[in-house]
Amino acid sequence: MRNRPLVLTTESARHPFRKMLPPHVLRVAEGDAAGRRKRPVDDDSDWKLFALSFCAFFTAFYSFIF
């Protein structure tokens, strides 16, 4: 019979391996999330996607015609 240390599981640890881990391994440090700076919002990503899609469609359509 194996002796296992008492490990209190959390509901977020659904995988059997994660349930065996001690609680301090799964704990998220509060200072990491607060210390990060927010990245600037990239507002032109829709225009870039539109231009890329338009160029790809135009190239494919043009190559099939000629």
Side-chain angles (χ1 to χ4, degrees):
M1 187 171 191
R2 294 168 45 184
N3 292 331
R4 291 186 182 181
L6 177 63
V7 177
L8 300 175
T9 60
T10 62
E11 292 181 11
S12 64
R14 295 181 181 164
H15 193 272
F17 177 75
R18 291 189 70 186
K19 286 182 181 179
M20 292 187 319
L21 294 173
H24 74 276
V25 175
L26 298 174
R27 192 175 307 136
V28 177
E30 295 174 7
D32 292 342
R36 294 182 190 164
R37 289 188 290 152
K38 291 184 179 181
R39 293 185 343 183
V41 179
D42 188 17
D43 291 335
D44 62 346
S45 63
D46 290 336
W47 288 107
K48 289 178 183 177
L49 180 62
F50 172 74
L52 180 66
S53 301
F54 181 81
C55 291
F57 176 75
F58 181 77
T59 304
F61 187 72
Y62 188 76
S63 65
F64 284 127
I65 289 177
F66 295 108

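Sequence positions, counted from 1, serve as the residue numbers for this chain. Scope of the values below: all heavy atoms of this structure, side chains included, with no hydrogens, waters or symmetry mates.
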Pairs where residues 46-66 contributes a residue and the test salt bridge (charged side-chain N to carboxylate O under 4.0 Å, His left out) is met, not counting sequence neighbours: Asp44-Lys48
Applying salt bridge (charged side-chain N to carboxylate O under 4.0 Å, His left out) as the test, list every pair that has at least one member in residues 55-66; sequence neighbours left out. none
Please tabulate, for side-chain N and O atoms in residues 53-66, each donor-acceptor pair with protein atoms closer than 3.5 Å (sequence neighbours left out).
residue: Ser53; atom: OG; partner: Leu49; partner atom: O; Å: 2.9
residue: Thr59; atom: OG1; partner: Cys55; partner atom: O; Å: 2.7
residue: Ser63; atom: OG; partner: Thr59; partner atom: O; Å: 3.2
residue: Ser63; atom: OG; partner: Ala60; partner atom: O; Å: 2.8

Please enumerate all residues that pass side-chain contact (heavy atoms from CB on, under 4.5 Å) together with Phe17, with sequence neighbours excluded. His15, Met20, Leu21
